[in-house]
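Since the structure comes first, as structure tokens, the remarks are kept for the end.
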Amino acid sequence: MVKHSELLFAPELDQPVRYIERTRNYYLGLGYETPYVWAHYSNVPFTPLQKPLSQSTLGLVTTAVPFDASKGLQGPGAPYNAAAKFYDPYVCSIDENVDLRIAHVGVDRLNANMQDSNCWFPIGAAKRAVAKGRIQSLSQHFYGLPTNRSQRHTLEIDAPSILSKMRADHVDLAVLIPNCPICHQSQSLLARYLEEAGIPTVIMGAAKDIVEYCGVPRLLFSDFPLGNAAALPDNEQSQGSNFELALRLLESAPSARTTVQSPLVWNSDASWKLDYSNLERLSAEEITRLRDEAEKARITARDIRMKSVGA
């Protein structure tokens, strides 16, 4: 028997980021006294596939938003842009060349790629899967789900709206791709709602703790920075392999709460996981600045929401 003088473990930080804990500590540190209460369920609905993927129409759901130049910076390096938020579900033609952006949500701006939209919207991989006969077709539209802090609004307004749009497009199953922490919660709530309505779902997500805490049927977890849950930047092979994993999960999940982790690695140096909303890495001056920015963003988002949905 060979004896080793020391065990070669991975660094302790090389594990999925605990975003619930990280964001709670962050906002408490900024001076917000009431921690956000995340959605959490004991029971999880589960709908098996009703027919093979090769005979099914697949719908894509994103929390990204079509680019609107009038709403300020939204490209690579753009700061958080509350002015670009949306509060009504939308649809866009699957054949339209839509420029989707993620500057309106709390993605990992220090590490996530904000230029290659394949990182957050796997439309290219999905179309290639259709061309190969892996799935029969994509739905006529893809669907935009608002990043809504109100769980009640998501469940009672947004989810029924998305379901209605999917029914009109004869969707058989759905792939949901969130970006920020709240996006992961919203998409998890939608996944539960769709499953209860008989539409099998899989989430391609990067915030494992939020999705599993809520409780969903299927999660393909990629240990990537928030905002890039679908693929590695500028890497078509990763786009295809991750989307294929999502399809296999739709086919093979034995029951609810089935999580599969993608084998893809973002970076051999896992220290990027310490960056997101980590007050320990910020000076007192930076914390004060971020508090001011957070309050301005909150007011901007509130005003947009009031004009959009009135509550």
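Quick caveat: nothing in here was measured; it's all calculated off a predicted structure.
- Remark: the backbone N or O of Ser161 is not paired with any side-chain donor or acceptor of Ser164 at under 3.5 angstrom.
- Residues Trp266 and Pro233 meet the side-chain proximity criterion, which asks for heavy atoms closer than 4.5 Å.
- Of the possible donor and acceptor atoms, one in the side chain of Gln151 sits under 3.5 Å from a partner among the backbone N and O of Val37.
- Considering all non-hydrogen atoms of both residues, Arg22 and Lys273 come closest at NH2-O, 2.9 Å.
- A 4.5 Å side-chain heavy-atom check between Pro89 and Pro146 finds at least one atom pair inside the cut-off.
- Within a 6.0 Å radius of CD in Gln261, more than 12 heavy atoms belonging to other residues, nucleotides or ligands are found.
- The two residues Arg109 and Ile102 come nearest to each other via the heavy atoms NH2-O, 3.9 Å.
- No side-chain donor-acceptor contact under 3.5 Å links Asn81 to the backbone of Ala103.
- The closest side-chain donor-acceptor pair between Ser262 and Asn242 falls under 3.5 angstrom.
- When atom types are taken as modelled, the side chain of Gln55 and the backbone of Pro52 share no donor-acceptor pair closer than 3.5 angstrom.
- What you find for Pro178 and Gln187 is that their closest heavy atoms are CB-CG, 3.6 Å.
- Taking CG of Asp269 as the reference point, atom CG of Leu13 lies at 8.0 Å (rounded to 0.5 Å).
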Pair Asn118-Asp116, side chain to side chain donor-acceptor pair (under 3.5 Å): steps then yes or no: CA-CA 5 Å; Asn118 292 291; Asp116 180 8; 2.9 Å; yes
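- Within a 6.0 Å radius of CG in Leu110, other residues, nucleotides and ligands contribute more than 12 heavy atoms.
- Taking the ring axis of Tyr276 as reference, the NZ or CZ atom of Arg281 does not stay both within 45° of it and closer than 6.0 Å to the ring centre.
- Heavy atoms of other residues, nucleotides or ligands lying less than 6.0 angstrom from CD of Glu96 number more than 12.
- Between His104 and Phe86, the ring planes lie tilted relative to each other; the angle falls in the 30° to 60° range.
- With contacts defined as side-chain heavy-atom distances shorter than 4.5 Å, the pair Ser241/Leu264 qualifies.
- Between Ile123 and Leu60 the shortest side-chain heavy-atom distance falls below 4.5 Å.
- The shortest non-hydrogen separation linking Thr147 to Cys180 is CG2-SG, 3.6 Å.
- Leu100 has its side chain within reach of Pro66: a pair of non-hydrogen atoms, C-beta onward, lies under 4.5 Å apart.
- With a 4.5 Å cut-off on side-chain heavy atoms, Leu155 and Arg192 do not count as touching.
- Taking CG of Leu173 as the start and CG of Leu58 as the end, the distance is 5.0 Å to the nearest 0.5 Å.
- Annotation for Lys132: atom NZ does not count as buried by contact number, only 12 or fewer foreign heavy atoms lying within 6.0 Å.
- Using the six-membered ring where Trp is involved, Tyr27 and Tyr32 have ring planes that are perpendicular, over 60° apart on the 30 and 60° scheme.
- Between atom CD of residue Glu212 and atom CD1 of residue Ile203 there is a gap of 10.5 Å, rounded to the nearest 0.5 Å.
- For the pair Thr258 and Ser252, the minimum side-chain heavy-atom distance is 4.5 Å or more.
- Within the 4.5 Å cutoff, the side chain of Pro181 has heavy atoms near those of the Trp38 side chain.
- When atom types are taken as modelled, the side chain of Ser54 and the backbone of Gly133 share no donor-acceptor pair closer than 3.5 angstrom.
- Between the Ser277 side chain and the Tyr26 main chain, no donor and acceptor come within less than 3.5 Å of each other.
- Side-chain contact of Asn148 with Ser150: a donor-acceptor pair under 3.5 Å is absent, judged by distance alone.
- Pairs engaging residues 134-161 under the salt bridge (Lys or Arg N to Asp or Glu O under 4.0 Å) rule: Arg134-Glu244, Arg134-Glu251, Arg152-Glu156 [sequence neighbours left out].
- Panel note: side chain Lys127, backbone Ile94; a donor-acceptor pair is recorded below 3.5 Å.
- Remark: Ile210 CD1 to Tyr213 OH distance equals 11.5 Å, nearest 0.5 Å.
- Distance check, rounded to the nearest 0.5 Å: CG of Leu250 to CG of Leu53 gives 6.5 Å.
- In this structure, the separation between CD1 on Ile20 and CD on Gln185 is 8.5 Å, given to the nearest 0.5 Å.
- Under a 3.5 Å cut-off, the side chain of Glu195 and the backbone N or O of Thr201 do form a donor-acceptor pair.
- Under a 3.5 Å cut-off, the side chain of Gln74 and the backbone N or O of Gly72 do form a donor-acceptor pair.
- The aromatic rings of Tyr143 and His141 sit tilted relative to each other, their planes meeting at an angle between 30° and 60°.
- No more than 12 heavy atoms of other residues, nucleotides or ligands shown are found within 6.0 angstrom of CZ on Arg18.
- Judged by distance alone, with hydrogens and angles left aside, the side-chain atoms of Asn228 form no donor-acceptor pair with the main-chain N or O of Phe224 at under 3.5 Å.
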